[in-house]
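What follows is one structure encoded as structure tokens, with my remarks underneath.
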Amino acid sequence: MLAAAIACPEGRRRRRVLGEDFARALEAEPAIAALRAALKGGGDAIVAVRPVLEDLGWLDRSFARLIAASRADPLFEPPLQPIGQAPREGVRLFANPRLAISLLRLPSPRETAGTIGFSGQALLVRFLGCAPTVRLWGLDDGRCRFAGERRIGAGELLLIDGVSEAWSIAPGSKPAILVQATTRESGVPLATYDVASGALVARTATDSAAMRMQLIASLLCRMERHDAAPALRAAAGAGPPHLRWHIARELTAMAPDQARPLLDRMALADPHADVRAAARRTLALLAA
């Protein structure tokens, strides 16, 4: 009977109409329409989204519409993009080339994670209901440092720049439900640091072109394609610093002798201090 209800053409049409009506109503919310106009005008994305998170009336009305649609048809599925490995982890409420707004559920960690990520994207977070205790992290001379714990008050907004600041839920806190606005700056890598030592573990590309290049470089080196070394050295001469160093690191692991000219050039003349320092450390290890 359930399969027949799902496949029923009339029911499918009804659920499609309900979804389209919900999406139109969400877009027509004054706060959402004003946000889209502000982002189109080129203003600061976090400044533009702050009023949207300060007054969540638009979200209350959207949930009322979802409840009404579910009552009209129990098989109705909200037309919202799921986030994470399962829809219950979160849904996207608003998407724009410059900004995204998501509704998320974060579980309470049992213990402190071994690494912390700096997304490179600015975040503005508002917790719903019982707010947790959060742990704040910063950077000091290129190393991650613990910056203390903070209890978030009801309705308070948490602003994290994502480049020199990061946050996590403190172990033992209750699971958190939150609305999070995230900027979408292209080409900014995700930086992961070891919590115990504060050392940088990796920088990971977040834009599709750089991610493909990282994958190709890693694959060629895992396959021990020594004939690709000239092309990899050339590719490491352009692009963002995290991508260039990724290529150099992969080439060094496969063929240190073929990577040495690239490392020498990076150590002497790379425009980014982090890459120069990494190249010098690697050369010292190869010479030991």
Side-chain angles (χ1 to χ4, degrees), residues 45 97-100 113-123 137-145 160-166 168 182-288:
R98 299 185 56 211
L99 185 89
T115 59
I116 187 71
F118 289 69
S119 67
Q121 310 292 343
L123 308 174
W137 308 84
L139 294 181
D140 184 11
D141 195 24
R143 303 184 79 84
C144 174
R145 60 174 177 79
I160 300 292
D161 71 14
V163 176
S164 61
E165 299 171 332
S168 63
T182 309
T183 59
R184 291 175 158 182
E185 300 293 337
S186 62
V188 181
L190 167 67
T192 304
Y193 291 83
D194 178 69
V195 168
S197 67
L200 176 66
V201 175
R203 292 189 189 274
T204 306
T206 55
D207 64 284
S208 57
M211 290 172 68
R212 285 195 296 270
M213 191 63 219
Q214 282 189 327
L215 180 61
I216 291 170
S218 296
L219 181 61
L220 288 172
C221 292
R222 296 298 188 276
M223 295 173 64
E224 298 188 354
R225 289 291 302 271
H226 291 260
D227 59 315
L232 291 172
R233 285 197 298 267
H242 65 278
L243 174 59
R244 293 188 285 104
W245 179 245
H246 176 87
I247 297 171
R249 185 181 61 194
E250 292 290 336
L251 181 57
T252 301
M254 178 185 72
D257 290 341
Q258 296 190 64
R260 194 177 296 274
L262 173 61
L263 294 173
D264 288 336
R265 186 173 73 245
M266 285 181 159
L268 290 174
D270 195 274
H272 291 85
D274 288 348
V275 175
R276 292 196 301 272
R280 290 166 185 164
R281 288 194 298 267
T282 304
L283 287 169
L285 289 173
L286 293 176

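As the structure is a prediction and not an experimental result, all values here were calculated from the model. Throughout, numbering of the chain's residues begins at 1 and tracks the sequence.
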Any donor and acceptor pair, going by atom type alone, linking the side chain of Arg233 with main-chain N or O of Gln258 inside 3.5 Å? yes
Nearest heavy-atom neighbours spanning Val275 and Arg244: CG1-NH1, 4.3 Å
Rounded distance (nearest 0.5 Å) linking atom CD of Gln214 with atom CZ of Arg249: 8.0 Å
Tell me, with the steps shown, if Gln121 and Leu190 meet side-chain contact (heavy atoms from CB on, under 4.5 Å). CA-CA 9 Å; Gln121 310 292 343; Leu190 167 67; over 6 Å; no
May I ask you to test the Ser218-His246 pair for a side-chain heavy-atom distance under 4.5 Å? yes
Calculate, to the nearest 0.5 Å, the distance between atoms OG1 and CZ belonging to Thr252 and Arg260 respectively. 9.0 Å
Would you call Asp270 and Arg265 a side-chain contact if the rule is heavy atoms closer than 4.5 Å? no
To the nearest 0.5 Å, tell me how far Arg98 CZ sits from Thr182 OG1. 14.0 Å
Give me the atom names and distance for the closest heavy-atom approach of Ser197 to Arg143. O-NH2, 3.1 Å
Any chance you could lay out the side-chain contact (heavy atoms from CB on, under 4.5 Å) test for Trp245 and Thr282, step after step, and finish with the verdict? CA-CA 11 Å; Trp245 179 245; Thr282 304; 3.4 Å; yes
Which pair of heavy atoms, one from Tyr193 and one from Cys144, lies closest together, and at what distance? CB-CB, 3.5 Å
Looking at every non-hydrogen atom in both residues, tell me the closest pair between Leu232 and Ile247 and how far apart they are. O-CG2, 3.4 Å
Note: Arg276 and Leu268 closest approach over all heavy atoms is CD-O, 4.4 Å
Flag if over 12 foreign heavy atoms under 6.0 Å of CZ, Arg225: no
Which distance, rounded to the nearest 0.5 Å, do you find between the CD1 of Ile116 and the CG of Asp194? 11.5 Å
Here the pair of heavy atoms bringing Met254 nearest to Cys221 is SD-CA, 3.6 Å
Val201 backbone acceptor or donor facing Thr192 side chain under 3.5 Å: no
Can you tell if the side chain of Glu250 reaches within under 4.5 Å of the side chain of Arg222, non-hydrogen atoms only? yes
